[in-house]
Protein chains: 2
Amino acid sequence: MPELKLLSSHLLFDGSQKRYRHRSESLNCEMNFSIFSPPGISHNKKVPAIYWLSGLTCTDENFTLKAGAQRAAAELGVALVIPDTSPRGNGVASAPDAAYDLGLGAGFYVNATQAPWSHHYRMYDYVVDELPALIEQHFPVNDRRSICGHSMGGHGALVIALRNPQRYQSVSAFSPIANPTTSPWGKKAFGHYLGDDVKNWRGYDASLLIEASRASEHLPMMVDQGDADEFLIEQLKIKRLIAACKTVNYPAQITLRAGYDHSYFFISTFIEDHLRFHAKALGPDVNL
Amino acid sequence: MPELKLLSSHLLFDGSQKRYRHRSESLNCEMNFSIFSPPGISHNKKVPAIYWLSGLTCTDENFTLKAGAQRAAAELGVALVIPDTSPRGNGVASAPDAAYDLGLGAGFYVNATQAPWSHHYRMYDYVVDELPALIEQHFPVNDRRSICGHSMGGHGALVIALRNPQRYQSVSAFSPIANPTTSPWGKKAFGHYLGDDVKNWRGYDASLLIEASRASEHLPMMVDQGDADEFLIEQLKIKRLIAACKTVNYPAQITLRAGYDHSYFFISTFIEDHLRFHAKALGPDVNL
């Protein structure tokens, strides 16, 4: 069994918030993740897990400290699993100009194919396969999973769920980069990680994946987007996602929230709604 | 009317979180504070305010970002006012060794009498008089106030309420430095700010103030203390506070919380209980 090194542990809402370090095979480096375990779980009483993918510049700590998600997770009886947003450490490539939107803190949840990124930047494999296997080995967590995220992490959650519908019960996103093949953030990251041939980008674009989806593979999907979000028009492109869902009749609840911006204050306001949405799909072992 | 400069504004829980800068007369420097206004308030519909005093090393942003207090404040219809923990800026004295427990981020809510501190370090006057006057001039906030805080801020809240019972409806604290005249943090800070004569320290010690209090001036008081708090024995001294309350029959609800530590995770778990406790005292205009 791969080793986990405990970095910190805190009690909150009678559950536990723990942070661990482990060696990642897919990313070829040491990685940190955080996990919230609700009260009362044991290897005789496993709970489902909701995976949270964070946005640009974040680590596992932003959501852990700022979203206020643990209250509802404790009540519902679900675990929260929060990975970092990129590989880290000595030898891991970073953006030459220390840009915030490429390299460290900006893995975009893809498997990079281009040098110098391909040696470490395989966040897609890490989140889809390696991390859930590790979690389900080490913690009283069963294999019922949902996934959500914010911004770059909203993109990651949608893409990962759309490509692996058999592995998730539901998916949700806050302010996702919904059509990255046409947004500046997406074009820059995909160009570096995946190369110039745009046909290799399509498998990482939620709007394109929705349009190619079959009804038999549709998952419960919820998306919230603030209409005062400074990145809405240029980077996030929620209208493109709405149009894609309409085209194939994807059963998504997409809501524009008047006055809300791109910050964690927005997430904290609606995270309980998202966790309850997932809990309903993850039942029957949750406390709705 | 003193000028306020808006630094940031966010919507959350349909209320607003704003951060301002202003010139402080008592502190003789520019200060930042944060304020959460619940939804639906106006100058025709003013709400009570709960003041939050933070602990060592904090600014107004720690509580704002990490406590998750706005959800309950929005529901209850109370404002949250969050000052910084010390004067700041050019010319403001700092600890010679950049210590975390003296100077910047460590004002201890006293009026310093000793050089080089006395020119700026007057957090007691700032929190008791200047800030509430400013808030009640500029915002739809009435003069019904409660006060709470954490660690050094728990000490500040208790001391300020005990010395000014007519100005507050209730007081609460998480993990307060409850008997600072006998704790290393308190002795160091008071020695620098107030000088060597310990009789000048007594007015800033919650346990001593409780013992000197009259029943007619007792306020509703609530204190939570984690029993896994690393600072409990040496610095915080909750047993001394419990004994003081017993001596004069002070009507305080003091609870030891098994397994909880000194972190914001502890605060986030019980902040709703504290806000509801204050709201009851601040009624009848709150939504209990």
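The figures that follow rest on heavy atoms only: side chains count, while hydrogens, waters and symmetry mates do not. Reminder, nothing fancy here: chain letters follow the sequence lines and each chain counts from 1. Model, not experiment: these values are computed from the prediction.
At a 4.5 Å heavy-atom cutoff, the contact between Ala258(A) and chain B is made by backbone atoms alone. Using a 4.5 Å cut-off between heavy atoms, Ala74(B) makes no contact with chain A at all.
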Give me a line-by-line list of donor-acceptor atom pairs from chain B to chain A that are under 3.5 Å apart, or tell me none exist.
from      : atom 1 : to        : atom 2 : distance (Å)
His10(B)  : ND1    : Asp261(A) : OD2    : 2.6
Phe13(B)  : N      : Tyr260(A) : OH     : 3.4
Phe13(B)  : N      : Thr269(A) : OG1    : 3.0
Asp14(B)  : N      : Tyr260(A) : OH     : 2.7
Asp14(B)  : OD1    : Tyr260(A) : OH     : 2.9
Tyr260(B) : OH     : Phe13(A)  : N      : 3.4
Tyr260(B) : OH     : Asp14(A)  : N      : 2.7
Tyr260(B) : OH     : Asp14(A)  : OD1    : 2.9
Asp261(B) : OD2    : His10(A)  : ND1    : 2.6
Thr269(B) : OG1    : Phe13(A)  : N      : 3.0

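In this view, Ile254(A) and Val223(A), Ile238(A), Leu241(A), Ile242(A), Cys245(A), Ala252(A) satisfy the side chain to side chain contact (heavy atoms under 4.5 Å, CB included) rule, not counting sequence neighbours.
The nearest pair of heavy atoms linking Leu11(B) to Phe265(A) is O-CB, 3.9 Å.
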